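Shown next, in structure tokens, is the structure this report addresses.
Quantities reported herein were computed from a predicted structural model and do not represent experimental measurements. These values consider heavy atoms only, across backbone and side chains, with no hydrogens, waters or symmetry-generated copies. When a ligand or atom number is given, it counts from 1 through the structure's own listing order.
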Amino acid sequence: MRKISLTGIKPTGAPHIGNYFGMYKPAIALTDTYLGMYFVADLHALTTTPTPQELQTLIYEVAASWIALGLDVDKAIFFRQSAIPEIPQCTWLLSCVTPKGLMNRAHAYKAQVEKNIELGRDPDDGVNMGLYNYPVLMAADILLYDSDVVPVGQDQKQHIEITRDIAENFNRIYGQTLKLPEGIIPEDVQAVPGIDGRKMSKSYNNTLPIFAPEKALRKQVMRIVTDSKTPEEPKDPDSDNLYQIYRLFAPTERLQEVRNLYLQGGLAYGALKQELAELMLATFAEPRRKYTELIDDHAYLDAIMAAGAEKARAIAQPVLARMRKAVGLDR
Ligand code: ADP
Ligand code: TRP
């Protein structure tokens, strides 16, 4: 059987260019070599308790994004996480071999605890069990299909390591049952910075959303934070946020020219932002067209994802059966 590549994204905000360079683009490119499995991680989105309306809207935004960005639904398996009833069962079996200490060290939880302590609050203030167990659910997403590779951005590296740890524990306790996956992490795309210079993230409200209306997108590009140097002053491109984003889109020759302008003086931030907006709109012209066509066609998106879920379940069921037998639930 063809090797499996699997990845997901949670519907917690509009997909942005960090998601594109860190995950969508490299993940979709694997469809030719692997059996590609792609999903909307709607159960993971619940850890942030969105309103039901928000969740609905975002599920379709993320679903339309996958297809608009080039996912071939005839070749790949595309589905919603919550359409797989085997997932919660697998999550429980994995929870029972997951040391609590391992979860204490998970980045998202640890960051929240550190923030609470800094503010003099209870360490677990605002932490629900969904957030705490997030890495176990993600391990289930990966292990349930015997995934070989998992294409994700840098910030998910720890989650892949945790997944391997959990699988190793299961195998040690119950005998060889689960396949250990490998992360495929683009080393050349470190985290794409957001318009405020922190990592671009749906949760920081600092993104350049791929599918925003043109006017909103241009406005957001103009909001990229820079220093207050005049055009004449020399600047350091490598510590400039705008340059770090611009370089992802610029043709090589033009990038060299712009780099020289930074170093020697003569670069106006405003003009470069306008050029960046044009480049973004040109790069995503076709996906943006496709997205507009798809976003309101819920019936189509639902049908595609339902068909995908059936295929995913067919792969999941024998793996879950293996797990149930290994732990002694079945003979
Ligand atoms: P966000 O942080 O915006 O909520 P997700 O956690 O849903 O994004 O991430 C979806 C995928 O996109 C993951 O594989 C993640 O590693 C990748 N990703 C997210 N933000 C960035 C970024 N700024 N640069 C590169 N990759 C990113
Ligand atoms: N945690 C991932 C993120 O925040 C989303 C995700 C959920 C995922 N399950 C997954 C990614 C399984 C890869 C494989 O981006």
Side-chain angles (χ1 to χ4, degrees), residues 4-28 30 34 36-48 50 58-59 61-63 65-66 69 77-82 84 87-88 90-91 94 106-109 111 130-131 133-164 166-167 181-210 224 241 244-245 247-248 312 316:
I4 290 181
S5 157
L6 169 136
T7 195
I9 176 166
K10 50 189 196 296
T12 47
H16 54 75
I17 62 162
N19 299 141
Y20 178 72
F21 289 105
M23 191 277 289
Y24 282 113
K25 191 180 172 201
I28 289 172
L30 293 174
Y34 291 86
M37 299 184 70
Y38 305 88
F39 65 94
V40 182
D42 49 2
L43 294 175
H44 274 114
L46 287 172
T47 64
T48 61
L58 286 168
I59 286 170
E61 279 188 22
V62 167
S65 302
W66 272 118
L69 288 169
I77 299 181
F78 176 54
F79 60 104
R80 266 168 74 162
Q81 181 186 33
S82 66
I84 314 297
I87 282 287
C90 179
T91 303
L94 296 177
H107 293 323
Y109 170 68
L131 172 65
N133 287 329
Y134 188 108
V136 189
L137 178 57
M138 178 153 163
D141 286 333
I142 296 170
L143 300 172
L144 184 61
Y145 310 103
D146 278 342
S147 306
D148 293 279
V149 297
V150 184
V152 281
Q154 289 279 350
D155 59 352
Q156 296 298 310
K157 197 171 173 179
Q158 190 199 30
H159 283 148
I160 308 290
E161 286 160 7
I162 291 177
T163 299
R164 292 174 58 95
I166 295 175
E182 301 287 341
I184 295 193
I185 299 170
E187 296 297 337
D188 53 330
V189 188
Q190 293 297 326
V192 176
I195 61 166
D196 59 357
R198 292 189 292 169
K199 172 192 122 78
M200 186 175 290
S201 173
K202 290 179 243 128
S203 28
Y204 296 158
N205 211 357
N206 66 350
T207 73
L208 295 175
I210 305 169
I224 295 175
N241 195 26
Q244 294 311 314
I245 300 173
R247 79 181 173 85
L248 298 166

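- Considering backbone and side-chain N/O atoms, G8 never comes within less than 3.5 Å of an N/O atom of ligand 1.
- The protein atom (non-hydrogen) at minimum distance from atom 2 (C) of ligand 2 is Q156 OE1, 3.2 Å.
- With a 4.0 Å heavy-atom cut-off, ligand 2 is reached by the side chain of I142 but not by its N, CA, C or O.
- With respect to L6, the side chain to side chain contact (heavy atoms under 4.5 Å, CB included) criterion is satisfied by exactly one of D146, I142, V149, D148: I142.
- For L137, no heavy-atom contact with ligand 2 is shorter than 4.0 Å.
- What sits closest to atom 24 (N) of ligand 1 on the protein, heavy atoms only, is V192 N, 2.8 Å.
- Side-chain atoms of Q81 come within 3.5 Å of backbone atoms of L43 as a donor-acceptor pair (strictly under, hydrogens ignored).
- Counting the atoms of ligand 2 from 1 in the order shown, those under 4.0 Å from a heavy atom of V152 are 11 (C), 13 (C).
- Counting heavy atoms from C-beta outward, P181 and R164 have side chains that approach closer than 4.5 Å.
- For a threshold of 3.5 Å applied to N or O pairs, the pair formed by Q154 and ligand 1 contains no separation below that value.
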- Evaluate side-chain contact (heavy atoms from CB on, under 4.5 Å) for K10 paired with K202, printing each intermediate quantity in order. CA-CA 10 Å; K10 50 189 196 296; K202 290 179 243 128; 4.1 Å; yes

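- Looking at G18, A41, G153, it is G18 that brings a heavy atom closest to atom 27 (C) of ligand 1.
- The N/O atoms of P151, backbone and side chain alike, include none that comes under 3.5 Å of an N/O atom in ligand 1.
- Nearest protein heavy-atom contact of atom 16 (O) of ligand 1 is D155 OD1, 2.3 Å.
- Across H107, Q158, H159, a single residue satisfies side chain to side chain contact (heavy atoms under 4.5 Å, CB included) together with P135, and that is H159.
- The contact set between ligand 2 and H44, taken as ligand atoms under 4.0 Å from a residue heavy atom, comprises 7 (C), 9 (N).
- Note that the CD1 atom of I87 and the CG atom of L144 stand 4.5 Å from one another [nearest 0.5 Å].
- A heavy-atom distance below 4.5 Å is found between the side chains of I9 and Y24.
- Residue contact check: M200 has heavy atoms under 4.0 Å from atoms 20 (N), 21 (C), 22 (C), 23 (N) of ligand 1.
- Protein heavy atom at the shortest distance from atom 21 (C) of ligand 1 is K199 NZ, 3.5 Å.
- Close approach to T7 involves these atoms of ligand 2, each under 4.0 Å from a residue heavy atom: 11 (C), 13 (C).
- If you number the atoms of ligand 1 from 1 as listed, the ones under 4.0 Å from a heavy atom of H16 come out as 3 (O), 20 (N).
- Y134 contributes no side-chain N or O that, together with a main-chain N or O of A108, makes up a donor-acceptor pair within less than 3.5 Å.
- Between S203 and ligand 1, no pair of N/O atoms sits closer than 3.5 Å.
- Ranking the protein heavy atoms by distance from atom 6 (O) of ligand 1 puts K10 NZ, 2.9 Å first.
- Considering only non-hydrogen protein atoms, atom 2 (O) of ligand 1 sits nearest to S201 OG, 2.8 Å.
- For ligand 2, the polar-atom distance check against Q81 finds no nitrogen or oxygen pair separated by under 3.5 Å.
- Nearest protein heavy-atom contact of atom 5 (C) of ligand 2 is G8 O, 3.6 Å.
- Distance alone, capped at 3.5 Å, places no donor-acceptor pair between the K199 side chain and the Y204 backbone.
- Residue K202 touches ligand 1 through backbone and side chain together, judged by heavy-atom distances below 4.0 Å.
- Atoms of ligand 2 found under 4.0 Å from any heavy atom of V150, numbered from 1 in the order shown, are 13 (C), 14 (C).
- For Y145, no heavy-atom contact with ligand 2 is shorter than 4.0 Å.
- A 4.5 Å side-chain heavy-atom check between L208 and H16 finds every atom pair outside the cut-off.
- The shortest side-chain heavy-atom distance between D141 and T163 does not fall under the 4.5 Å cut-off.
- Residues T47 and L137 are not in side-chain contact: their nearest non-hydrogen atoms beyond the backbone lie 4.5 Å or more apart.
- Proximity of Y34 to I4: side-chain heavy atoms (C-beta onward) are nowhere separated by under 4.5 Å.
- Under a 3.5 Å cut-off, the side chain of T7 and the backbone N or O of P151 do form a donor-acceptor pair.
- Scanning the protein heavy atoms around atom 9 (O) of ligand 1, the nearest turns out to be N19 ND2, 3.6 Å.
- Within the 4.5 Å cutoff, the side chain of T207 has no heavy atoms near those of the N19 side chain.
- Residues F79 and F39 place their aromatic rings such that the two centres sit under 6.0 Å apart.
- At a threshold of 4.5 Å between non-hydrogen side-chain atoms, the residues I245 and P193 count as touching.
- Only the side chain of I9 comes within contact range of ligand 1, with a heavy atom under 4.0 Å; no backbone atom does.
- Each of the following atoms of ligand 1 lies closer than 4.0 Å to a heavy atom of V152: 14 (O).
- Looking at ligand 2, you'll find an N or O of Y134 within less than 3.5 Å of one of its N or O atoms.
- Regarding atom 9 (N) of ligand 2, its nearest protein heavy-atom neighbour is D141 OD2, 2.7 Å.
- In terms of protein heavy-atom proximity, atom 11 (C) of ligand 1 is nearest to M23 CB, 3.7 Å.
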